[in-house]
Every structure is written in C-alpha cells, then in structure tokens.
Amino acid sequence: MAGLKLTNVAKSYGDVSVLKDINLDIDAGELIVFVGPSGCGKSTLLRMIAGLEKITGGELQIDGQVVNDVPPAQRGIAMVFQSYALYPHMTVRDNMAFALKLAKMSKAEIDTAVNKAADILQLTPYLDRLPKALSGGQRQRVAIGRCIVRDPKVFLFDEPLSNLDAALRVATRLEIAQLKESMPDRTMIYVTHDQVEAMTLASRIVVLANKGISQVGTPLELYEKPQNEFVAQFIGSPAMNLFPGEIVETGEHTKVRLDGGHGIVQSAYPSKAGDMGARVNVGIRPEDLQLTDETVESYSGKVDVQENLGEVTLLFFVPDSEGMEPVIAKLPGIHRGLKGQTLNLAAAPEKVHVFLDGISLLYR
Ligand SMILES: Nc1ncnc2c1ncn2[C@@H]1O[C@H](COP(=O)(O)OP(=O)(O)OP(=O)(O)O)[C@@H](O)[C@H]1O
Ligand SMILES: [Mg+2]
C-alpha cells in the first residue's frame, strides 16, 4: 500500500516556472486522474513522481518517505507512456520479462510473474508473438504488462490510450478499470486529455491550470460543483455556458439579470447583501437548459444552428455580439425545425452556477 503526499512541489526549467505550490494527498489504492490544457505540466508532474525529472521545490513523499532524491528504480513505481516503445525483436514474453531479467530474478520467478500478468491482461495467447504481429490495443496491454510484472506500488500512466482508435480506446479503458479493480491496493495516477476517461476511471480528478491545481474532487463533484469558471468550462462537453449579468436579488437564493435583455435567472447559490449589483457570470450546462414558455425569468435567443444527433439535439444561439461564444442547449431526443426560431430557455435554480470574480458563490 502506498499513498503519495506532495507538499509545495514546484518545477522550473532555469528561470521558467512550469509548476508551483502543488499540494496533494493521494490515498493508497486511489486512481487519480490529472487533466488540464496542453502544456499545463501534467507529464512533468508525472515524471517528477516517477523520478525522471528533478523536483526543483517542495517535497514528494511515497509511502511516508521523502523520495525527492531517490532514483526512479527505488521508488516502487512503474510508468506506461503514450508511445509504448516495445522491443521489436523480442516476443511479448521477453518484452514483459526484460526488466525482471535485468533485476536478475530467477527463471521460475520471472515465468510466474509474466504468466500472471498475461492472464490479467488476456495476453496469454500472444506470449510468443513479436509486437509487429499485435494490434495497437494488444501492444498497449503488453506495455502495461511490463509494469505489472514488476509489481509496483504505484502505476503511472501518461495518456496510455491516445494512440488507439476510438473503439479500441473504449475497450482498453474498460480493461484499465478492471485492472484497477483486480489490484485494489495499488495506487494509479493517470494523465489524459479525454473527458470520458477522466470521468469514468477516476476516484478523484485533479484539474491542473496556471501552473497549479485548479480543483481536486470526485468526477461528480467537479461536474456538479466546480469551484471556478475554468473547471466549470473544462469539465463537461459541450462546455458550460457563461452568461454575463448583474445580481439583482441577494439572499439564500440569488437572482441575476442577464445582459442583452435576456431576462432574469434564479440560482440556488447564496449571496450576501453586499453582492447587490455585482457583475457576475451565470454558468449553466447545455444539458441543464430547458425550453420554457416563461418570458421574464429566462434566456431568450434565436437558434442559429441546429444539430440533430438522434439521442440529443444541440441548439446554437445567435451570440449577442460578434466574437462571443454562442449559447448552446442540449435537448434530449429529436426536435425538428427549431432553426431560426426565437426560444426561451430556463434551468432549475440548483443547476444555475454563479461566478463572482471567476469563483463560484458556493466556495466563498
Ligand atoms: N526540458 C524542458 N525545458 C523547458 N521547458 C520545458 C521542458 N519540458 C517541458 N517544458 C515545458 O513545461 C510545460 C509543461 O509541459 P508538459 O509536457 O508537462 O505539459 P503537458 O500538460 O503534459 O502537455 P500535453 O497535454 O501537451 O502533453 C510546457 O510549457 C513545456 O513547454
Ligand atoms: Mg503530456
């Protein structure tokens, strides 16, 4: 069992700061997912945990021990990379056994470890094949197998599925979920760009942005109660709509008059008397908007583009001014002929987020 503790961890390359003030406790057995925009430092953080990249500030503990200066091989960690780089001239069995041979384990021990890993990953029929005779998904499983045989306390995955096609991604994602279930006491840290992978695999998601952690929480915490506009718009697809407006009623519930003459919306989020008149952004997810006959307490807009996906209909509304993002509504089922119509939309108060200076009213 190994938990990790990051205290004020920082990384800079020369004068260029890439990450700072990273504070994070990861419990043993968790599957933590790092997400964030390209270049925000996800791989760098993972490589620092692996010991492949020097930590330039703060402290990293694994299993209660400070490991800042412990070499990678002694950290009890194994890492799966995006490009899985198997040895092309070695069979699947030899690829998986390689690290164990280097560690001078006995043939019997190596066979046991490789056979067990192959069994978990359903690679047994392929053990004597060369990598070129495998599909992309099978190769990726061999790469994971190379980690499993070493029986690490912590697994690190850096976008392990990004080279796979869509169908294979779904299948391999399920395999990783099952792999985690079969090893409940192993800790996994997983980097991905893929929303669905993050939402489905994670015990908790860490959203990285602006050199630091923007929010940490379970997938549904981040979806239902984002702390700030960045997380609100990063988690969920299409992204949460943001409507600029002004607070016109404060208290346990808050009312905001939307700019552009769209009407008033009510939020279940509380505000203080001093917030009266404050400029805010109201956040409503596309799937939380519903058509309504209500004309005062609603957003009113003209449908610019309609996309019929069968299970849902996406409506894109004409923006109030050029350059603004269009408001998007995601209605369940099929709706015909809405393009060009002016419609009123509303959301249940508990689905109406309010951000003051970019921070949700729930988190003040
Ligand atoms: N050796 C280096 N020298 C200077 N800057 C670097 C070096 N390696 C990475 N960086 C910078 O550190 C930042 C974080 O890079 P990193 O690879 O961790 O991002 P990432 O979040 O994994 O991005 P992606 O999603 O594109 O994989 C980037 O701005 C990158 O340019
Ligand atoms: Mg990366």
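Ligands are counted one by one from 1 in listed order, and the atoms in each one are counted from 1 as well.
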Tell me whether [X] is salt-bridged to [Y], with the criterion being a basic N under 4.0 Å from an acidic carboxylate O.
{"X": "D21", "Y": "K211", "value": "no"}
{"X": "D165", "Y": "R169", "value": "no"}
{"X": "K116", "Y": "D111", "value": "no"}

Identify, for [atom], the protein heavy atom at the shortest distance, and state residue, atom and that distance.
{"atom": "atom 26 (O) of ligand 1", "result": "S38 OG, 2.5 Å"}
{"atom": "atom 10 (N) of ligand 1", "result": "Y13 CE1, 3.4 Å"}
{"atom": "atom 25 (O) of ligand 1", "result": "K42 NZ, 2.8 Å"}

### Query
Think R47 forms a cation-pi with F81, using NZ or CZ under 6.0 Å from the six-ring centre and within 45 degrees of its axis?
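No - R47 does not lie over the ring of F81 by the 6.0 Å and 45° rule.
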
Just wondering, are more than 12 heavy atoms of other shown residues or ligands nearer than 6.0 Å to [atom1] in [X]?
{"X": "K330", "atom1": "NZ", "answer": "yes"}
{"X": "R204", "atom1": "CZ", "answer": "yes"}
{"X": "E294", "atom1": "CD", "answer": "yes"}

### Task
Flag the pair H353 / Y269 as yes when their ring centroid distance falls below 6.0 Å, and as no otherwise.
yes

### Message
Residue-level breakdown please: for T44 versus ligand 1, do any non-hydrogen atoms fall below 4.0 Å on the side chain, on the backbone, on both, or on neither?
### Response
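Both backbone and side chain of T44 come within 4.0 Å of ligand 1.
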
Proximal ligand 1 atoms for [X], defined as those under 4.0 Å from one of its heavy atoms:
{"X": "V18", "result": "12 (O), 13 (C), 14 (C)"}
{"X": "S43", "result": "17 (O), 18 (O), 20 (P), 22 (O), 27 (O)"}
{"X": "H193", "result": "25 (O)"}

### Message
Under 4.0 Å from atom 6 (C) of ligand 1, is there at least one protein heavy atom?
### Response
yes

### Message
Does the protein come close to atom 31 (O) of ligand 1 - that is, does one of its heavy atoms sit below 4.0 Å from that atom?
### Response
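For atom 31 (O) of ligand 1 the answer is no, since every protein heavy atom stays at 4.0 Å or beyond.
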
### Polar contact flag for G41 and ligand 1 (N/O pairs, less than 3.5 Å)
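Yes: some nitrogen or oxygen of G41 is under 3.5 Å from one in ligand 1.
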
#### Entry: Option of least heavy-atom distance to atom 20 (P) of ligand 1 (set: S162, G39, A209)
G39

### Message
Between T44 and the Mg ion (ligand 2), is there a contact where an N/O/S atom of the residue lies under 2.8 Å from the metal?
### Response
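False for T44.
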
